[in-house]
Amino acid sequence: MASESSFDIVSEFDRQEVDNALNQAAKEISNRYDFRGTDAGIAWKGEDAIELTASTEDRVMAAKDVFIEKLIRRGLSMKMLDLGEPMASGKGFRLVGSLKQGIDKENAKKITKFLRDEGPKGVKPTIQGEEIRVSSKKRDDLQECISLLKGADFEVALQFTNYR
């Protein structure tokens, strides 16, 4: 009798990679000519939030573009980043963004329904908190599920872990 194989679907990010991207963006913002005299900056605000500041709204948006470019270069998904709109704050503008981790119940239900409808017959997806475990007797079915999920577009960034 064959044992079951499984893998987990998670939505998380490497905080060190985000921190490296933030530091690179801060360095570029402090050195670029078009940011001189605009008091532009980027910094952590709490555990999972980032704050961009500048004296004008267009400089805040330019700083946001620099940060997004650094995240993309480091291979991080933009689906984990939830940026708001620039707000007037005292003499300048600021933009606060949060980093999302975990798969919420609504998206988890969408993913499991997608796997049941589109995936191979012997696949069993189950929701376990903020992650989804997919199990099957055949490893080929699990590989097919991973490729289906990579091709699909969900509202969260997906990573695949614990492939056994």
Side-chain angles (χ1 to χ4, degrees), residues 6-112 114-115 125 127-134 142-143 145-164:
S6 67
F7 71 92
D8 293 337
I9 304 170
V10 296
S11 179
E12 43 190 46
F13 60 89
D14 184 1
R15 182 169 166 79
Q16 186 61 50
E17 285 295 319
V18 176
D19 192 46
N20 290 341
L22 186 130
N23 290 335
Q24 285 180 337
K27 187 173 184 179
E28 183 171 327
I29 289 169
S30 68
N31 290 335
R32 269 185 32 184
Y33 179 76
D34 56 335
F35 286 111
R36 296 258 161 86
T38 61
D39 298 326
I42 182 171
W44 285 104
K45 182 178 182 179
E47 191 65 26
D48 287 335
I50 293 168
E51 183 178 46
L52 297 141
T53 56
S55 59
T56 62
E57 186 175 354
D58 66 320
R59 290 296 89 197
V60 170
M61 297 306 283
K64 177 186 95 167
D65 292 341
V66 170
F67 180 56
I68 287 174
E69 174 194 343
K70 299 303 179 191
L71 287 173
I72 291 171
R73 281 207 180 149
R74 294 200 155 270
L76 297 167
S77 173
M78 292 300 96
K79 293 179 181 178
M80 67 161 192
L81 185 63
D82 185 22
L83 287 173
E85 292 297 315
M87 303 174 290
S89 171
K91 292 182 179 179
F93 286 84
R94 68 185 189 120
L95 177 83
V96 178
S98 62
L99 299 167
K100 300 183 289 187
Q101 267 193 156
I103 302 173
D104 62 344
K105 290 239 184 265
E106 183 180 315
N107 283 317
K109 287 179 183 177
K110 286 180 187 175
I111 294 168
T112 55
F114 175 78
L115 285 175
I127 300 171
Q128 297 180 337
E130 292 188 338
E131 63 184 42
I132 301 168
R133 172 147 302 153
V134 181
L142 296 179
Q143 293 285 348
C145 286
I146 290 174
S147 64
L148 278 172
L149 288 168
K150 284 183 178 178
D153 186 30
F154 294 102
E155 297 171 17
V156 292
L158 301 177
Q159 293 86 33
F160 309 103
T161 60
N162 295 335
Y163 187 79
R164 303 179 191 146

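Computed from heavy atoms alone, side chains included, the values below leave out hydrogens, waters and symmetry copies.
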- Query: Are M78 and I72 close enough that some pair of their side-chain heavy atoms sits under 4.5 Å apart?
  - Reply: yes
- Message: I need the S77 OG to K100 NZ distance, nearest 0.5 Å.
- Response: 9.0 Å
- Can you see which heavy atom on L83 is nearest to which on G97, and at what distance? CD2-CA, 3.6 Å
- Note on the structure: Rounded to the nearest 0.5 Å, the CG atom of L115 sits from the NZ atom of K110 at a distance of 14.5 Å
- Item | Gap separating the CG atom of N107 from the CD atom of E155, nearest 0.5 angstrom | 5.0 Å
- Item | R15 backbone acceptor or donor facing D19 side chain under 3.5 Å | no
- K79/D153 salt bridge by N-O under 4.0 Å criterion: yes
- Task: Rounded to the nearest 0.5 Å, what's the gap from CE on M80 to CG on L76? Could you check?
- Result: 4.5 Å
- Query: Mind checking whether V60 and T53 have side chains closer than 4.5 Å, heavy atoms only?
  - Reply: no
- Any chance the side chains of Q24 and N20 put a donor and an acceptor closer than 3.5 Å? no
- How long is the gap from CG on N162 to CD1 on I9, to the nearest 0.5 Å? 12.0 Å
- Query: Where is the tightest heavy-atom contact between P125 and I132, given as atom of each residue plus distance?
  - Reply: CB-CG2, 4.3 Å
- Can you tell if the side chain of I111 reaches within under 4.5 Å of the side chain of F154, non-hydrogen atoms only? yes
- Test item: R59 side-chain N/O and F93 main-chain N/O as donor-acceptor pair under 3.5 Å: no
- Item | Ion pair R133/D8, N-O distance below 4.0 Å | yes
- Item | Minimum side-chain heavy-atom gap I42-E51 below 4.5 Å | no
- Message: Does any part of the side chain of I29, heavy atoms only, come nearer than 4.5 Å to the side chain of F67, both counted from C-beta?
- Response: no
- Message: Please find the pair of heavy atoms, one from G102 and one from E130, that lie closest to each other, and give the distance.
- Response: CA-OE1, 3.6 Å
- Query: Checking S11 side chain against Q101 main chain: does a donor-acceptor pair fall under 3.5 Å?
  - Reply: no
- Quick one: does R32's side chain get under 4.5 Å of V66's, heavy atoms only? yes
- Message: I want to check something: taking the side chain as every heavy atom from C-beta on, are L95 and I50 in contact at a cut-off of under 4.5 Å?
- Response: no
- Message: D48 vs S98, test: side chain to side chain contact (heavy atoms under 4.5 Å, CB included). Steps then yes/no.
- Response: CA-CA 6 Å; D48 287 335; S98 62; 5.9 Å; no
- Task: Determine which pairs satisfy ring pair (Phe, Tyr, Trp, His ring centres under 6.0 Å) with at least one residue from residues 6-42, sequence neighbours left out, and list them in order.
- Result: F7-F160
- Task: Could you tell me which non-hydrogen atom of T112 sits nearest to which non-hydrogen atom of K109, and how far apart they are?
- Result: OG1-O, 3.0 Å
- Message: Quick check for you: to the nearest 0.5 Å, what is the distance between L22 atom CG and K70 atom NZ?
- Response: 12.0 Å
- Within the distance-only criterion (no hydrogens, no angle test), does the side chain of Q159 pair as donor or acceptor with the backbone N or O of E12 below 3.5 angstrom? yes
- Which of these, I127, L158, V10, sits in a side chain to side chain contact (heavy atoms under 4.5 Å, CB included) with I103? L158
- Message: Any salt bridge linking R74 with D14? Criterion: basic side-chain nitrogen under 4.0 Å from a carboxylate oxygen.
- Response: no
- Task: Assess whether atom CZ of R36 is packed by more than 12 heavy atoms of other residues, nucleotides or ligands within 6.0 Å.
- Result: yes
- Query: Under a 4.5 Å cut-off applied to non-hydrogen side-chain atoms, are K45 and V96 in contact?
  - Reply: yes
